[in-house]
Amino acid sequence: MKSPLSAARVRRALPTGRRAVAASVVVVLLAAVVGWAVWPDRPDFRTESTMLTVRSGPAGDEPVDLDTTFYLPEGASADRKVPAVLLAHGFGGTKDSVRADAEDLVGQGYAVLTWTARGFGRSGGQIHLDSPDYEVRDAQRLLDWLAARPDVRTDAAGDPRVGVVGGSYGGGLALLLAAQDPRVDAIVPMITWNDLSRAFLPESTGKPATEGVFKKGWAGIFFGGGGSAGSGPAGLSGNTAAAQPEGAPASAGAPSPQPGDGPGSRSPRAPGAAADPSCGRFAADVCAAYLRIATTGRADQAAVDLLRRSSPAGVLDRIKAPALLVQGEADTLFPLTEADANARGIAAGGTPVGVAWFTGGHDGGTGPTSDSDRVKYLTVQWLDHYVKGTGAAPGDDFTFSRIAGFDALDRGLVATGYRTADYPGVTGDARREVPVTGPAQPVANPPNGNPAAISAIPFAGSLGSLLDGVAGDVPGQHARFESTPLAEAVDVVGAPTVTVRAASATGEAVLFAKLYDVDPAGAATLPDGLVAPIRLTGLPATIDAAQPVRVTLPAIVRRVEAGHRLRVVLATADQAYTTPAAPAVYTVAVDGAVSLPTVTASPIPTTATVWRWVLVGLLAAILVGLVGLVAVVRRRHRRQDDSVHPEYAGIPLAVRDLRKEYADGFVAVSRVDFEVHPGQVMGLLGPNGAGKTTTLRVLMGLTQPTAGEIYVFGHRLVPGSPVLSRIGALVEGPGFLPHLSGLDNLKAYWRATGRPWADAHFDEALEIAGLGDSVHRRTKNYSHGMRQRLAIAQAMLGLPELLVLDEPTDGLDPPQIAEMRRVLQRYATDGRAVLVSSHLLAEVEQTCTHAVVVNKGRIVASGPVEEIVGESPSTLFEVTDQAAAREVLGRLDAVQVLTADDAGGLVVDTNGTARSEVVAELVRAGIGVDRVVPRRRLEDAFLALVGENSRGSGDR
Amino acid sequence: MAGSSVGSPSGVGEFGPGGAAAGYRPGATLPFGAEFRRQASRRRTQLALGFMVLLPLIILVAFQFDSGDDDGGGGGEFASLADLATSGGLNFTLFSILVSASFLLVVVVALFCGDTVASEASWGSLRYLLAVPVPRARLLTVKLLVALAYSGLALLLLAGTALLAGTLRYGWSPLTSQVAAELTPTEGLVRLLAVLGYLAVVLLVVAGLAFLLSVVTDAALGAVGGAVLLWILSSILDQITALGVLRDFLPTHYSSAWLGLLSTPMQTDDVVRGAISAVSYATLFWGLAFWRFTRKDVTS
């Protein structure tokens, strides 16, 4: 035995060389992948923040400080000029609210100039609502500044190559700037207005803004902070920030419409903070107009004129920069119709216009990832073509998307994108008429508009569209008109219309028309919380005399499933709008059908399509690989060595120069070489650890030999060789399914061989096992000996021609051992052979016809047992006086004392001298002889191996 | 054993190719049916399958104790599956699947696939099968197919029992959830089958991992437990959003994508990606298992 710290053990404990290399490679690769994924992106741009003083105002002589940040891509210089993007922020935001978008754009190779609009953040001046004289002129001065930059590409002196991108307030600026300054090369206005007066004072039967219904909810959010200096609508801001986390911008350059700090919160350093607490940083004229409208709920012509000055509506024909109009479907502030009006106005002048709708908006936020990715892609495509001058023309595809449901993984919303070649507008390219019925109903207008239905909550965030009809309609204040369940689903894209009639004792009525989607269970959904306010005048007192009025409902994108019903609701009060203060009762009716616009569009292929093909490809690859593998294995199988080694053809077993070295370097068998011939019962004798079991393992195809061959009836034996079917084995103890009975185990084993039932010879095997009725008991309850006998029976199933038994008598009692000997000797007839391994000398001697003695992986003796056992010249004498006996024996010729032990024993080589003569000599010399035992060669050989000590001599 | 005798040996008869014994064909060894019966006789198989039948019934009984003041819990829109569980047989089945998908089915599949080779090794019967000889690749193929068959059977038993018991108790009503329009029972059944199909695909990862461990180790418990532990580890890592895009490569990342099959229209994007992930992992694990087992020294 070596020390516990022997080299072999150390080697065994450590991974072997190849494994260590493989493991290290895997670890390094994993670390690299993790590092690559987690490593923060290093910015490849630089920024310059400056406070620019520009001169604007009606006369262009009023200085104002603008807080700017200029983003320049790495590598841009006077030699390598880059195109620029002017990136405007939303109302209440600052240049920082568009930082993520700016970084996206600068990554696309644009120089990006962001600034805080006047009246916000650290910039000076007052809010003039994108007035052409103020905010727009400020932006013109920024274009001058860009043109003066040495690293910004120019079209001519003082004319930078520039696109203008912005959302909401910034989008309005983009449109107005493009109308006012021909130097702008392309614009991407998002979620913005066409006519500010119509946006805040909408009327859905086509009346002017002076007749509009005041959208007090939204107006209040914009102006609300103005009265209380220093405390903006912080709660709202917080909510929105949560709904629109940083790093998830709506799009490249789609500055999220954040109420942000609100106009009321301003930095103490901000110059020009107005002293008037009711106006905050609003310009006096804007503030006055708001106060007038908010007080009465009606707009006078002066206020409308002021708002229209801040609207692109009147100047669209002057816009020559190609415009991509992005509008949100979940937007109760600037609905889809605003972008529609812009698109028509700009396109009328022959300017290229693209229109895209997405599922976000002022209520819906950035929308699902797929949507913001689409908007981002379209924006970059638009800018690349019209500003940078690369990439194909974007074409005039109209794209939109529809909420498809919840994302199962991140619990967000999922939208499906659609596309069609021509922009159909909000009227769709086809219409479906769905009749709605219901009697004329009286509805009450509550005094001061309270209580009111809550249709939408401004800035409800991305889940805003799901608040649909949360609060529902107030009983008594609304009338319902319903359709029958739809026979088939309708994809509504655009603004449905419906004809209503109303009667009022006062001759006037303010109503809110809503279109609900009612599922079979009765749950009603108001798409995106959109309502159509209508103001009717000159009404008769009775419904019969009422004239039908065409109402354009809000434009939506929604699939109404088959089996769902449509419900038109006419309500009298809505939380978001100012309604007449006086209580009144109207009678309302809906005539005929709801006209639903539809658009023929095809889904935009997403990466999902690619993945689908990847899956198909993967499955096909696996299938092909599998088929190929099976073919290769079959071919190898067919090519396998079927030949019979002529020298060993008739020999059940021939082992040639077998060597087995384990992976840890331990040599279990160094060289074993023997044959088993028909009719032989061969004993493989050796002490524990001599390599017997390893040899048998190789013989059973369980282990690959390092070197050497095994032939069974001349067939080369490798793991899984068919010739193994002619070997029955018991190696390393029995192995049974513990939950099956002995008989069932044998049957299960034979079933696994797939051979005919009759070939098994169960009766003979069971007789050998001799288990009696116990054969029906579960093997887990068997004694060691019973299991051993069952295992021998299993090995004999099918009467194999070579029986290999490892320590077969282990656990058997003496009569059973004796019986086993007879069985084995009888078995090895008719060309069959038996190989028995044992560490017991007596067993081999009594059972076997031949024996091979192995020790330390080598054969030390072999041959017929009689030959090995036959008379041997050495004899053990046990004498009374060992010393005297040595002397006597020394005198005899040729006699030689080999060894002596403490108990008086002498092993003597008599070398032909008769034992009787030796005894006589000893007795004559007066030495008592207790025992004379002839020694045999097998024992000699075995003892020589085992030595005199009793511990496992095979241990190495 | 006394008085036993070996009948007159049939002598050296006809031999097959490669010197095989008469009647021996490598392709006929360890037939599917034989392995199926081997596994069917085991107590763990019977218990696992029995529990699949019992679980829906336990849930059904548990719902009878519903006091009615359930206030949701707020696990998002998909939590409605629990609230709607008693609205019909289909919903009840869906709920049963929901509660067992994340852990119970993983354990059951790991049990069937992880135990199959390792238990034979620990009983010592593996070496006798190999000495039959059952070709190693065939042994693994049959064992894998049988393990997968039992896994599939467990899934079907769970869903089938839930559907039967739920329908008997709550009726054959449309499949409802807050994420989709109400689905007619026929459409709902199709969705349910799609969900089961996807779950089966996702569980292939567990099957692959458990089977690989089963081949590598001789301890059945180690293979089953190891597969479940690694699955849990992957689930935990998937919760850590800081890992970013790496999470997409975790085998459990898409394990709940089947919920998307309930929405209208069905969201198949993540299902497809999940299937790609699961099939890739399963192929990798099984490939490694075969590569290892056809080369290793069987020492148990």
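Each chain gets a letter, A, B and so on, in the order the sequences are listed, and its residues count up from 1. The figures here come from the full heavy-atom set of this structure, side chains too, leaving out hydrogens, waters and symmetry mates.
Nearest heavy-atom pair, B:Val134 versus A:Ala752, reported as atom, atom and distance to 0.1 Å: CG2-O, 4.1 Å. A:Leu618 approaches B:Ile276 most closely through the heavy-atom pair CD2-O, 3.7 Å. Looking at every heavy atom in both residues, B:Leu130 comes nearest to A:Leu702 through CB-CD2, 3.8 Å. Heavy-atom minimum distance, B:Ala131 versus A:Met700: CB-CE, 3.5 Å.
Counting heavy atoms of neighbouring residues, nucleotides and ligands inside a 6.0 Å radius, atom CZ of B:Arg138 exceeds 12 of them. Around CH2 of A:Trp613, the count of heavy atoms belonging to other residues, nucleotides or ligands within 6.0 Å does not exceed 12.
In this structure, CG in B:Asp297 is found 8.0 Å from CZ in A:Arg697, a value given to the nearest 0.5 Å. How far NZ of B:Lys296 is from CD of A:Gln704: 13.5 Å, rounded to the nearest 0.5 Å.
B:Arg127 places a side-chain N or O within donor-acceptor distance of the main-chain N or O of A:Val731, the cut-off being under 3.5 Å. A donor-acceptor distance shorter than 3.5 angstrom exists from the side chain of A:Ser725 to the backbone of B:Ala21, with no hydrogens or angles considered.
Taking B:Trp123 as the reference, A:His739 meet the ring-ring contact (aromatic ring centres under 6.0 Å, His included) condition, with sequence neighbours excluded. Among residues two or more places apart in sequence or in another chain, the ring-ring contact (aromatic ring centres under 6.0 Å, His included) test is passed with A:Tyr711 by A:His645, A:Tyr648.
Contact annotation for A:Asp519: neither backbone nor side-chain heavy atoms come within less than 4.5 Å of a heavy atom of chain B. For A:Leu730, the parts lying near chain B are the backbone and the side chain together; criterion is any non-hydrogen pair under 4.5 Å. Heavy atoms closer than 4.5 Å to chain B are found in the backbone of A:Pro734, but not in its side chain. Looking at A:Ile622, the atoms closer than 4.5 Å to chain B (heavy atoms on both sides) all sit in the side chain, from C-beta outward. Heavy-atom distances place no part of A:Lys780 under 4.5 Å from chain B, backbone and side chain included.
Contact annotation: the side chain of B:Asp269 never approaches that of A:Trp611 to less than 4.5 Å [non-hydrogen atoms, C-beta and beyond]. B:Ser125 has its side chain within reach of A:Leu737: a pair of non-hydrogen atoms, C-beta onward, lies under 4.5 Å apart.
Contacts with chain B were tallied for A:Gly720, A:Pro738, A:Pro815, A:Ala748; A:Pro738 has the most, counting heavy-atom pairs under 4.5 Å. Counting heavy-atom pairs under 4.5 Å between each of A:Pro520, A:Ala795, A:Gly733, A:Pro756 and chain B puts A:Gly733 at the top.
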